[in-house]
There are 2 protein chains.
Amino acid sequence: MQSTAEENYIKAIYKLSGGGAAAVSTTALSETLQTKPASVSDMLRKLSAKDLVHYVKYHGVQLTDEGQRVALKIIRKHRLWEVFLVQKLRFSWDEVHEVAEQMEHVKSELLIQRLDEFLGHPRLDPHGDPIPTEAGELREVEQRALASLNIEQEGVVCRVKDSQPAFLQYLNRVGIQIGSQLQVVDKIPYDNSLEISIDKSKSVILSSDVLEKIFVINP
Amino acid sequence: MQSTAEENYIKAIYKLSGGGAAAVSTTALSETLQTKPASVSDMLRKLSAKDLVHYVKYHGVQLTDEGQRVALKIIRKHRLWEVFLVQKLRFSWDEVHEVAEQMEHVKSELLIQRLDEFLGHPRLDPHGDPIPTEAGELREVEQRALASLNIEQEGVVCRVKDSQPAFLQYLNRVGIQIGSQLQVVDKIPYDNSLEISIDKSKSVILSSDVLEKIFVINP
DNA sequence: AAAATAATTTAGACAAACCTAAACTTTTAC
DNA sequence: GTAAAAGTTTAGGTTTGTCTAAATTATTTT
């Protein structure tokens, strides 16, 4: 059984490596986790001793198969709790992350099984991220970044890859949510921003930073 | 804000003092919390510095008003989660305690407000214990221990004062749950046990230990 | 390819929450 | 009312997870 701190490291390694494949640097982890690089080194030695990561000094870490299984389990719990908070307790998508971050560490197999059942075995969380199955499988949906669309092309928002309240509140304000119909009205080559129409009505200009974080289907 | 460990001490003091009034000894706490008396002394000094308890060396602790408020908040969270687990996730009453013990430490005012609302502002948890209000009030129901009933007298089970799985599973086996109609069939003076009929059908003999833990209304 | 810079690890400390062993109070027993 | 027993606290140590400062390794620059 892992401690909360260990679980947070494993989750961070998973996210930074984009699914557990690539190696992750100490500095990257220290930024994500808001701890000093020296503390990260310590913890990596510990996770390595537990065979949750492959760790080569000065050359970064990768999750082992076991580490990956653990990561997917935590992510499953996190995303199921997010669905619960939004669908059952009327949280908005910018309020769920911090609370789910705490609930994901509650230890009980039965709890997660029953929660999944209670929610009707959802496939996606409120940000459009896929929920791993009990067996640890990620069912990805084909999708592309809004930034990759050309003029006139359309898409339906299926996912946003940033859970920070500030970003989600920004999307609330411009009127973008999961399911919004977007269309590229114009390209501004100067800074790679796009003018986007939302649900066939108002249009806004989105910076390339934002365009990289919004994903659509049927492009 | 209190740590999980601090919260567990405050909860234990509340329970052992029977509501925060009486003073509680170091040994009693060490037994309840499964820690050594020396560790309890340490923590009491710490809680005292935070003004959550009145602590006089060698003479036990009591909760301060602030400590009592904190205790009731934790108990409120614990009992609301128990209701959730039983009513929404089909847990049985002997499975909820351990999980609720973890969930009670999640920090979010909004979460508890919304959970309370989602559950329909329940007044009692699955063991019949009252749920403190948001304002920190305990709405007790008039009740008496089964042990205090005389021959022929009846009552409806409204509460059981022991959340240990072993005890609750014992009640499951003899067929007693919240709402069961009990009647005293016979008194056995030798060991103060009683013969009790359950829901006007089968009858069982309950030891005085057990009789002290079951509470009834309309006696 | 050596020197400068950046990234990383080791060494030594600290706080929280626990422990054991020893010292100290309080209570109980005679 | 003193002595033994029981209960409690203090002193010093451990583990987990963090920190700063110093040492080490890798990378970049020239």
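Chain identifiers are assigned alphabetically (A, B, ...) following the order of the sequence lines, protein sequences preceding nucleic acid strands; residue numbering begins at 1 within each chain.
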(message) Regarding B/K187 and B/N150, do their side chains bring together a donor and an acceptor under 3.5 Å, going by distance alone?
(response)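 Judged by distance alone, the side chains do pair up.
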Whole Å only: how far is the [atom1] atom of [X] from the [atom2] atom of [N]?
X	N	atom1	atom2	answer
A/M1	D/dT16	CE	C1'	17 Å
A/L33	D/dC19	CG	P	10 Å
A/E31	C/dA7	CD	C1'	12 Å
B/D42	C/dA16	CG	C1'	10 Å
B/L47	C/dA16	CG	P	12 Å
B/L44	C/dC18	CG	P	11 Å
B/M43	C/dC19	CE	C1'	14 Å

Check this one for me: any side-chain N or O of [X] less than 4.0 Å away from OP1 or OP2 of [N]?
X	N	answer
B/S3	C/dA16	no
B/Y55	D/dT9	yes
A/S41	C/dT10	no

(request) Identify which one of A/K11, A/K77, A/R79 satisfies the salt bridge (charged side-chain N to carboxylate O under 4.0 Å, His left out) criterion when paired with A/E104. (result)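 Passing option: A/K11.
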(request) Keeping the roles fixed (side chain from A/Q68, backbone from A/G136), state whether a donor-acceptor pair exists under 3.5 Å. (result)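 No; zero donor-acceptor contacts below 3.5 Å.
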(request) For the pair B/R159 (side chain) and B/I214 (backbone), establish whether a donor and an acceptor sit closer than 3.5 Å, ignoring hydrogens and angles. (result)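 Such a contact is absent between B/R159 side chain and B/I214 backbone.
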(request) Would you mind telling me which residue lines up with the more 5' stretch of DNA chain D, B/V40 or A/A5, judged by nearest nucleotide? (result)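 Taking each residue's closest nucleotide, the earlier one in sequence belongs to B/V40.
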(request) Could you say whether A/E6 or B/R45 is positioned toward the 5' end of DNA chain D, judged by the nucleotide with the nearest heavy atom to each? (result)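 It is B/R45, whose closest nucleotide lies nearer the 5' terminus.
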Return the polar atom pairs (N/O with N/O) between nucleotides 20-22 of chain D and the protein under 3.5 Å, or none.
none

(message) So, using salt bridge (Lys or Arg N to Asp or Glu O under 4.0 Å) as the criterion, who are the partners of A/K50 when residues are at least two apart?
(response)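 If we apply the salt bridge (Lys or Arg N to Asp or Glu O under 4.0 Å) test to A/K50, skipping adjacent residues, the hits are A/E6.
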(request) Could I get the full list of salt bridge (Lys or Arg N to Asp or Glu O under 4.0 Å) partners for B/E137, not counting sequence neighbours? (result)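 With sequence neighbours excluded, B/E137 shows a salt bridge (Lys or Arg N to Asp or Glu O under 4.0 Å) to no residue whatsoever.
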Can you give me the N/O atom pairs linking the protein to nucleotides 25-27 of chain C at distances under 3.5 Å, or say none if there are none?
{"residue": "C/dT26", "atom": "OP1", "partner": "B/H59", "partner atom": "NE2", "Å": "3.3"}

(message) Show me the pairs that pass salt bridge (charged side-chain N to carboxylate O under 4.0 Å, His left out) and involve residues 13-28 of chain A, at least two apart or across chains.
(response)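 Non-adjacent pairs meeting salt bridge (charged side-chain N to carboxylate O under 4.0 Å, His left out): zero.
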(message) A side-chain contact here means heavy atoms from C-beta on lying under 4.5 Å apart; do A/V216 and A/Q143 qualify?
(response)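 With C-beta onward as the side chain, the pair stays apart.
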(message) So, using side-chain hydrogen bond (donor to acceptor under 3.5 Å, both in side chains) as the criterion, who are the partners of B/K107 when residues are at least two apart?
(response)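 Counting only residues at least two positions away or on another chain, B/K107 forms a side-chain hydrogen bond (donor to acceptor under 3.5 Å, both in side chains) with B/E7.
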